[in-house]
Peer 1: 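Got a structure for you, written out below as structure tokens; questions coming shortly.
Chain letters run A, B, ... following the sequence lines, proteins first, then strands; residues in each count from 1.
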Protein chains: 2
Amino acid sequence: MKRRNTKSKEQVLQIFRQENTALSHEMIQSKLESVERATIYRILNRFHEDGVLHKVTGEDNKQYFALCKNCENGQHKHHHLHFQCLTCKTVECLENEITFSIPQGYQVQDFQALMTGVCSRCA
Amino acid sequence: MKRRNTKSKEQVLQIFRQENTALSHEMIQSKLESVERATIYRILNRFHEDGVLHKVTGEDNKQYFALCKNCENGQHKHHHLHFQCLTCKTVECLENEITFSIPQGYQVQDFQALMTGVCSRCA
DNA sequence: CTATTATTGCAACAAAGTCGCATTAAATGA
DNA sequence: TCATTTAATGCGACTTTGTTGCAATAATAG
Ligand SMILES: [Mn+2]
Ligand SMILES: [Mn+2]
Ligand SMILES: [Zn+2]
Ligand SMILES: [Zn+2]
């Protein structure tokens, strides 16, 4: 199943390239009013499958996506933290790598970590 | 607003004491068919507020709860990992503490981390 | 035992996300 | 360039998780 290049797909990607925070469906929808709701969901999911975007669930129980940096073909390798500010709701990727140990006999496919609190701008 | 001891509240707590994995609303509901759906949600939320249970969002986008061990009055201090098996869906608390650094000027209130993959039983 | 009010049950609601299906439009290659 | 194939889109209906208003019930304090 080969992926095709479409206008909406490219528009979504552009938004991620411009922004340096993680984005929810809602945020993207608001910048691309003309693109169908379900289409945006599908684009995000495809990018995620393809290792273009990685995903974190926010405190608000929404999915936030951000560009991947060193991911290859569906295998996400994000051992970094995320921070969501409870005031401005912004979700950001923190570059500090996290290290942790994996239990014997466990296979890890993905990882996500979220801190919540108040960011320096809102403090 | 003082908390009262009720039958359903105690039943929910018993389930958590017996189980050693994190539990979703669905799992508790199935063991307490007689208790109203919304009531279980409210009990879980109250326990969470009170620092009795802590919460992790699973890969399936459901909330999983587990007993807290060293939490006092609404201030959760869980710096440990969780693992969700994509096969059996089980969410477990891993006892390995995680250490990480917090950016300058950020106030952290809560933290949650989830690995997904295949557990040793399902491998 | 009585008064107060937290908790429950019920039903209605809200929000996030998914899915089936007909239509549109990329990609391929003749 | 044009026809063919099928991925992607738009639309609507739907599911799932969780919340909320309100009247009824029941735990607690005096
Ligand atoms: Mn990230
Ligand atoms: Mn835990
Ligand atoms: Zn902020
Ligand atoms: Zn398993």
Peer 1: Given atom NZ of A:Lys2 and atom C1' of C:dA25, what is their separation to the nearest angstrom?
Peer 2: 18 Å
Peer 1: Look at the side chain of A:Lys62 and decide which nucleotide, out of D:dT9, C:dA16, C:dA6, has an atom nearest to it.
Peer 2: C:dA16
Peer 1: Whole angstroms only, please: what is the CZ-P distance between A:Phe47 and D:dA8?
Peer 2: 10 Å
Peer 1: Using atom CZ of B:Arg3 as one end and atom P of C:dT4 as the other, report the distance to the nearest whole Å.
Peer 2: 22 Å
Peer 1: Measure CZ/B:Phe65 against P/D:dT17 and give the value in whole Å, please.
Peer 2: 13 Å
Peer 1: Counting heavy atoms from C-beta on, name the nucleotide in D:dT5, C:dT7, D:dG18 closest to the side chain of B:His25.
Peer 2: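 From the listed options, D:dG18 comes nearest.
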Peer 1: Would you confirm whether the ring centroid of B:His25 sits within less than 6.0 angstrom of the ring centroid of B:Tyr41?
Peer 2: yes
Peer 1: Round to a whole Å and report the spacing from CD of B:Glu10 to C1' of D:dA27.
Peer 2: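 In whole Å, D:dA27 C1' and B:Glu10 CD are 14 Å from each other.
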Peer 1: B:Asn5 CG to C:dT7 P: how many Å, rounded?
Peer 2: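 Going from B:Asn5 (CG) to C:dT7 (P), I get 9 Å.
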Peer 1: Let me know the distance between CD of A:Glu59 and C1' of D:dT17, rounded to the nearest Å.
Peer 2: 16 Å
Peer 1: Name the residue from B:His48, B:His79, B:His82 that meets the ring-ring contact (aromatic ring centres under 6.0 Å, His included) definition with B:His54.
Peer 2: B:His82
Peer 1: Do A:Phe111 and A:Phe100 have ring centres separated by under 6.0 Å?
Peer 2: yes
Peer 1: Give A:Glu26 one of three labels, base, sugar-phosphate or nothing, depending on what nucleic acid heavy atoms sit under 4.0 Å from its own.
Peer 2: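 Here A:Glu26 touches no strand at all.
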Peer 1: Any chance the side chains of A:Tyr64 and A:Gln112 put a donor and an acceptor closer than 3.5 Å?
Peer 2: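 There is no such pair between these side chains.
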Peer 1: Identify whether the distance between the nearest side-chain nitrogen and carboxylate oxygen of A:Glu95 and A:Lys69 falls below 4.0 Å.
Peer 2: yes
Peer 1: If you only use heavy atoms from C-beta on, which nucleotide in C:dT8, D:dT9, D:dG18 is closest to the side chain of A:Thr6?
Peer 2: D:dT9
Peer 1: Any luck finding a side-chain donor-acceptor pair between A:Tyr106 and B:Glu92 under 3.5 Å?
Peer 2: yes
Peer 1: Examine the side chains of A:Thr57 and A:Gln63 and answer whether a donor and an acceptor come within less than 3.5 Å of each other.
Peer 2: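 Short answer, yes.
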Peer 1: Got a sec? Which of residues 28-45 of chain A come in under 4.0 Å of DNA chain C, heavy atoms?
Peer 2: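 Per residue number, the list reads A:Arg37, A:Ala38, A:Tyr41, A:Arg42, A:Asn45.
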Peer 1: Could you check how far CZ of B:Arg4 sits from P of C:dA6, rounded to whole Å?
Peer 2: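 B:Arg4 atom CZ is separated from C:dA6 atom P by 6 Å.
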